[in-house]
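Just so you know, ligand 1 is whichever comes first in the structure, and atom 1 is the first atom listed for that ligand. For reference, positions follow the sequence shown, starting with 1.
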Amino acid sequence: MAQQYDLVVIGGGPGGYEAAIRAAQLGYKVACIEKRIHNGKPSMGGTCLNVGCIPSKALLDSSHRYESTQHDLQAHGITTGDVSIDIATMQARKTKVVEQLTGGVAQLLKGNGIDWLQGTGKLLAGKKVEFTPLEGLDSKAAEVQTLEPKYVILASGSVPVNIPVAPVDEALIVDSTGALAFDQVPATLGVIGAGVIGLELGSVWRRLGSQVVIFEALDSFLPMADKALAKETQKVLTKQGLDIRLNAKVTATETKDGKVTVKYNQAGEDKEQTFDKLIVCVGRKPYAEGLLSDDAGITLTERGFVEVDDQCKTSVDGVYAIGDLVRGPMLAHKAMEEGVMAVERIHGHAAQVNYDTIISVIYTFPEVAWVGLSEESAKEKGIEVKTGQFPFAVNGRALAAGEPAGFVKFVADAKTDRLLGMHVLGSGAGDMVHQGMIALEFVSSVEDLQLMTFAHPTLSEAVHEAALSVDGRAIHA
Ligand code: FAD
Ligand code: NAI
């Protein structure tokens with residue numbers, strides 16, 4: 001007879017595994033079904049740990065060290081001689097980091113008494129779950145089981161969007177997964193999509209020596225970001241050598257003689273360019289393939305997301321859905337908090353995710369980060385806004401470190417002084433922006449930030465100065 005579970009989580013990404021752990025902490029008997037095989041082994045951690053957040057940051061870090069060792073050290077009086085990079089070693093380090101973390105998650109599940117069922121989960125009618133084990137792992141467990149848990153959390157994540165004009169062939173045309181695994185630096189690299197992945201992975205390979213061209217269909221750069229932030233980011237990344245072509249619609253690709261030619265239309269003119277590799281990163285879509293039987297009772301939206309309410313409840317009582325599979329930003333931290341919220345709700349707690357304070361970070365160098373409303377979105381909501389901006393170019397610590405690019409910007413309500421948003425371009429922006437998130441959560445006024453004492457010399461002093469500058473009071477500008 002199949003094991004009885006209180007909760008079955010389908011998907012072991014950041015949303016699913018955090019939900020499983022929180023439920024075990026609350027005393028539930030939990031199974032987490034995960035089917036992923038990575039580097040030939042079953043692997044926990046989802047997109048994020050295996051082929052997303054973590055490997056991309058490992059490569060961003062390696063490539064940043066390589067570039068700064070090559071270019072930035074002379075000013076400090078440091079001579080290094082010839083600097084070279086061994087891509088195999090860099091990739092092996094990335095794999096080690098990934099395995100350390102995915103192994104760590106498996107251990108965490110074990111330590112919390114959670115059963116990792118290695119295989120595929122499918123929600124059936126009546127909240128039942130069909131579990132099909134991965135083939136060839138354990139002959140004893142190799143039969144399909146039907147589980148009858150009290151609760152189910154669907155956390156099957158997302159996959160890259162494919163476009164017919166550039167079909168991924170895993171050789172010359174790759175998606176983000178392929179672009180994390182190049183075994184040599186392509187001399188020329190095309191990227192379709194100037195979104196988060198295009199900028200991060202485009203930066204990785206540019207730093208390592210590729211000539212990178214990014215084709216973006218829209219005529220604006222990072223349209224979801226504050227305009228001032230997007231404009232300065234585009235300027236900084238372009239200066240670094242990323243060739244970002246806006247209003248450039250790819251119409252066809254052709255692979256021949258180990259090269260890929262991109263045909264595109266830019267502002268009405270047909271053009272083409274040939275590359276060694278091409279990355280397609282034009283967004284991700286929810287992944288629900290084989291997840292639901294026809295009579296499972298779950299409603300999907302037009303775009304294939306599982307429909308949920310603000311607390312991640314689906315159309316079936318006792319079944320929740322979280323993370324990339326549902327509406328909202330496709331971010332690991334959003335998935336994690338939804339997982340915890342769903343479990344806390346099951347437990348009767350009034351848990352809530354504050355979707356207004358979910359941070360966005362683009363891990364280029366300098367980093368780009370924001371939380372809350374942009375100046376434009378606040379105005380669109382009819383709010384009378386006041387703003388303040390302070391550049392790192394006059395921040396002592398940034399200058400001492402030789403990292404003067406960027407600024408901190410605050411958007412606030414002109415009538416009430418309430419803080420509405422924080423936008424940062426700069427070294428460490430992804431960490432610094434958490435100050436804004438905490439301030440927003442505590443419904444701070446700009447004056448609250450103005451009255452606080454920030455340590456000197458720190459990059460965070462720019463946060464203080466930006467708050468002061470909202471009222472024309474910045475000391476160093
Ligand atoms: P996933 O992580 O996608 O996990 C879902 C898991 O479910 C998968 O492992 C899948 O194998 C499994 N699964 C699916 N269907 C079934 C089934 N029927 N049975 C069993 N198992 C199943 N986000 C950030 O916040 N910060 C970043 O820096 C960041 N960097 C990224 C870089 C890249 C290159 C990419 C591609 C993404 C990045 N993301 C980042 C996004 C982040 O990875 C996702 O938002 C996050 O992983 C979503 O978590 P999830 O738990 O919803 O789904
Ligand atoms: P994205 O949505 O960030 O960007 C895709 C870009 O491609 C957009 O600018 C879009 O206008 C453009 N585009 C779409 N179709 C196009 C076409 N046919 N031709 C040219 N351009 C086209 O998606 P991306 O970069 O693929 O990333 C997917 C998601 O993964 C992100 O939205 C984010 O949720 C997550 N992610 C998060 C990271 C982080 O938090 N640092 C890092 C990487 C990914």
Side-chain angles (χ1 to χ4, degrees), residues 9-19 32-38 42-57 59-60 102 117-123 129-132 134 153-161 163-166 175-177 179-180 191-202 214-224 245-251 264 279-292 321-326 328-336 338-339 358-364 367-369 430:
V9 180
I10 305 181
Y17 84 72
E18 285 220 1
C32 183
I33 307 180
E34 171 57 65
K35 65 177 180 177
R36 181 178 295 269
I37 303 269
H38 188 69
S43 189
M44 263 291 159
T47 303
C48 175
L49 266 57
N50 292 281
V51 291
C53 327
I54 297 301
S56 60
K57 271 70 226 178
L59 297 189
L60 278 158
T102 53
L117 304 183
Q118 298 179 348
T120 303
K122 182 181 203 170
L123 184 73
V129 175
E130 181 184 271
F131 166 59
T132 308
L134 286 170
I153 295 181
L154 305 172
S156 54
S158 64
V159 288
V161 167
I163 44 175
V165 291
D175 59 20
S176 57
T177 301
L180 289 166
V191 177
I192 307 183
V196 196
I197 294 180
L199 298 179
E200 290 188 1
L201 294 184
I214 305 184
F215 301 96
E216 168 59 52
L218 298 178
D219 58 5
S220 57
F221 180 70
L222 294 181
M224 66 292 204
R245 300 188 189 162
L246 300 179
N247 203 2
K249 291 184 187 66
V250 174
T251 50
Y264 64 104
I279 308 175
V280 182
C281 42
V282 292
R284 294 178 63 84
K285 59 180 183 189
Y287 177 67
E289 218 176 279
L291 178 72
L292 308 165
I322 60 168
D324 285 7
L325 183 63
V326 303
M330 288 185 164
L331 295 171
H333 42 288
K334 177 256 192 189
M336 291 169 174
E338 286 185 334
I358 292 181
I359 290 172
S360 298
V361 185
I362 306 175
Y363 296 85
T364 45
E367 291 175 352
V368 191

Point to revise | Backbone or side-chain N or O of Ile362 under 3.5 Å from ligand 2 N or O | key: no
Review point. Taking non-hydrogen atoms only, is Val161 closer than 4.0 angstrom to ligand 2 via side chain, backbone, both or neither?
Key: neither
**Study point:** N or O contact, Arg284 vs ligand 2, cut-off under 3.5 Å
**Key:** no
Review point. What do we get for Lys57 next to ligand 1 when only non-hydrogen atoms under 4.0 Å count, side chain, backbone, both or neither?
Key: side chain
Exercise for review: Looking only at distances, please establish whether an N/O atom of ligand 2 is found under 3.5 Å from an N/O atom of Gly283.
Suggested key: yes
Point to revise | Check: Arg284 N/O within less than 3.5 Å of ligand 1 N/O | key: no
Point to revise | Ser176: numbered ligand 1 atoms lying under 4.0 Å from its heavy atoms | key: 34 (C), 36 (C)
Check your understanding: So which heavy atom in the protein is nearest atom 18 (N) of ligand 2, and how far is it from that ligand atom?
Key -> Ile163 CD1, 3.9 Å
Check your understanding: So which bit of Ile197 gets within less than 4.0 Å of ligand 2, heavy atoms only: side chain, backbone, both or neither?
Key -> both
Revision key, fill the gap. Contact region, Lys249 to ligand 2, non-hydrogen atoms below 4.0 Å, reads neither
Review point. Is any side-chain heavy atom of Leu199 closer than 4.5 Å to a side-chain heavy atom of Phe221?
Key: yes
Exercise for review: Have a look at ligand 2 and work out which part of Leu218, if any, has a heavy atom under 4.0 Å from it: side chain, backbone, both or neither.
Suggested key: side chain
Practice item. State whether the shortest distance between N or O atoms of Met224 and N or O atoms of ligand 2 falls below 3.5 angstrom. Key: no
Review point. Where the closest heavy atom to atom 53 (O) of ligand 1 is concerned, which of Ser156, Gly45, Gly157 has it?
Key: Gly157
Review point. Applying a 4.0 Å heavy-atom criterion (strictly less than), which segment of Pro14 is in contact with ligand 1: side chain, backbone, both, or neither?
Key: both
Exercise for review: Look at atom 19 (N) of ligand 2 and say which protein heavy atom is nearest, naming residue and atom and giving the distance to 0.1 Å.
Suggested key: Ile192 CG2, 3.4 Å
Review point. Which part of Ala335 is near ligand 1, with near meaning a heavy atom under 4.0 Å away: side chain, backbone, both or neither?
Key: side chain
Exercise for review: For atom 32 (O) of ligand 2, grab the closest protein heavy atom and report residue, atom and distance to one decimal in Å.
Suggested key: Val196 CG2, 4.5 Å
Check your understanding: Which of these, Leu60, Ile54, Leu59, sits in a side-chain contact (heavy atoms from CB on, under 4.5 Å) with Lys57?
Key -> Leu60
Review point. When you look for heavy atoms under 4.0 Å from ligand 1, do you find them on the side chain of Lys334, its backbone, both, or neither?
Key: neither
Check your understanding: For Leu201 and ligand 1, does the shortest N/O to N/O distance drop below 3.5 Å?
Key -> no
Review point. If you measure from each non-hydrogen atom of Ile10 to ligand 1, which part falls under 4.0 Å: side chain, backbone, both or neither?
Key: side chain
Practice item. Would you check the N or O atoms of Leu331, main chain and side chain alike, for any that come under 3.5 Å of an N or O of ligand 2? Key: no
Point to revise | Contact (N/O only, under 3.5 Å) between Glu216 and ligand 2 | key: yes
Review point. Side chain or backbone of Pro160 under 4.0 Å from ligand 1, or both, or neither, by non-hydrogen atoms?
Key: neither
